[in-house]
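Reviewing the structure listed below.
Residue numbers run from 1 in the order of the sequence given.
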Amino acid sequence: MKNLLSQAGIQINEQQPELVISVGGDGTLLSAFHRYSHLLNEVRFLGVHTGHLGFYTDWRDYELEELVASLQTTREQSVSYPLLDVRICYLNNKKAQHFFALNESTIKRANRTMVADVYIKNELFESFRGDGLAVSTPTGSTAYNKSIGGAVIHPSINAFQLAEIASLNNRVFRTLGSPMVIAQDEWIEIKLENTEDYLVTVDQLAITELNIQSVYYRIAKERIHFASYRHMHFWHRVKDSFIGEG
């Protein structure tokens, strides 16, 4: 790839790139996204898959010459996807942490039942007890969210999804028990019971800080932009990944 880019007169700039090319799989692209998440308004992403087709990769590793040739024709086309804005708040006035998620964020406890109150737009919706909660973007809806019974959402829908992970539902504890799709002008706050063994994930990042008080989720104002030199239809990706050709 580097040789082909050099031969085409395309410079490699790791500090201020216009285009980030990820070679690997969806996990590699997630890593690239978090590395350059501070440049979301300036950079586009492009994925090259070295295995089977991924959700964020439009090219295969044997198509590098065709890919580099396409980079020389036009650099203006792009498609954008929604991102999740994540803010983790702590007790004792510790400074909050802020992240963007391309796929999802989860909240779990290490060895005990998770207890949390779920607020939607500052109003209590339900008290949750179970293994945890997962919040996903539309593109992330095909990842962990799908495996726990969440819906697959087209990325043109600017919304996010909350799904329960093994919730406890009986005559004492009740939750909705179904995934919820939250509108772009709404937000969720998950207030946690005061314990020290919570694990919060943001894509492949793991946050194990003590004294987490609550986690806020909403659709970010920023979006991720993918170079659409040859962009595959979302439902084609879904069919190819989960159904195949039969």
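At least one donor-acceptor pair closer than 3.5 Å links the side chain of Asp203 to the backbone N or O of Leu102. At distances below 3.5 Å, not a single donor-acceptor pair connects side-chain atoms of Ser214 with backbone N or O atoms of Cys89. With hydrogens and angles disregarded, a donor-acceptor distance shorter than 3.5 Å links the side chain of Glu63 to the backbone of Arg60. Between the Gln161 side chain and the Ala151 main chain, a donor and an acceptor come within less than 3.5 Å of each other. Remark: the backbone N or O of Asn3 is not paired with any side-chain donor or acceptor of Ser6 at under 3.5 angstrom. A distance-only check finds no donor-acceptor pair linking the side chain of Thr106 to the backbone of Leu133 [under 3.5 Å]. A distance-only check finds a donor-acceptor pair linking the side chain of Glu164 to the backbone of Gly177 [under 3.5 Å]. The main-chain N or O of Lys191 is never found under 3.5 Å from a side-chain atom of Asp117 such that the two would form a donor-acceptor pair.
For residues 177-186, the side-chain hydrogen bond (donor to acceptor under 3.5 Å, both in side chains) pairs, not counting sequence neighbours, are Asn158-Gln184. Applying the salt bridge (charged side-chain N to carboxylate O under 4.0 Å, His left out) test to every pair with at least one member in residues 78-97, sequence neighbours left out, gives these pairs: Lys94-Glu209.
For the residue pair Tyr198 / Glu193, no side-chain donor-acceptor distance below 3.5 Å is found, with atom types taken as modelled. Between the side chains of Thr175 and Glu126, not a single donor N or O lies within less than 3.5 Å of an accepting N or O. With 3.5 Å as the limit, one finds no donor-acceptor pair spanning the side chains of Ser136 and Tyr144.
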Audit row: Trp187, Asn122, side chain to side chain contact (heavy atoms under 4.5 Å, CB included) steps and yes/no: CA-CA 8 Å; Trp187 63 92; Asn122 298 331; 3.4 Å; yes

Working for side chain to side chain contact (heavy atoms under 4.5 Å, CB included), residues Thr28 and Tyr56: CA-CA 10 Å; Thr28 311; Tyr56 295 117; over 6 Å; no

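Counting all heavy atoms, side chain and backbone alike, Ile219 lies closest to Ala159 at CD1-O, 3.4 Å.
Taking the six-membered ring where the residue is Trp, His233 and His154 present perpendicular rings, their angle passing 60° and hence far from 30°. Between Tyr36 and His38, the ring-plane angle classifies as parallel under the 30° and 60° cut-offs.
Under the 4.0 Å criterion applied to side-chain N and carboxylate O atoms, Lys146 and Glu104 are not assigned as salt-bridge partners.
For the side chain to side chain contact (heavy atoms under 4.5 Å, CB included) criterion with Phe45, the lone passing option out of Thr57, Val20, Ile21 is Val20.
Clustering ILVMFWY residues whenever any of their side-chain heavy atoms sit less than 4.5 angstrom apart, transitively, puts Trp59 in the very cluster that holds Val23.
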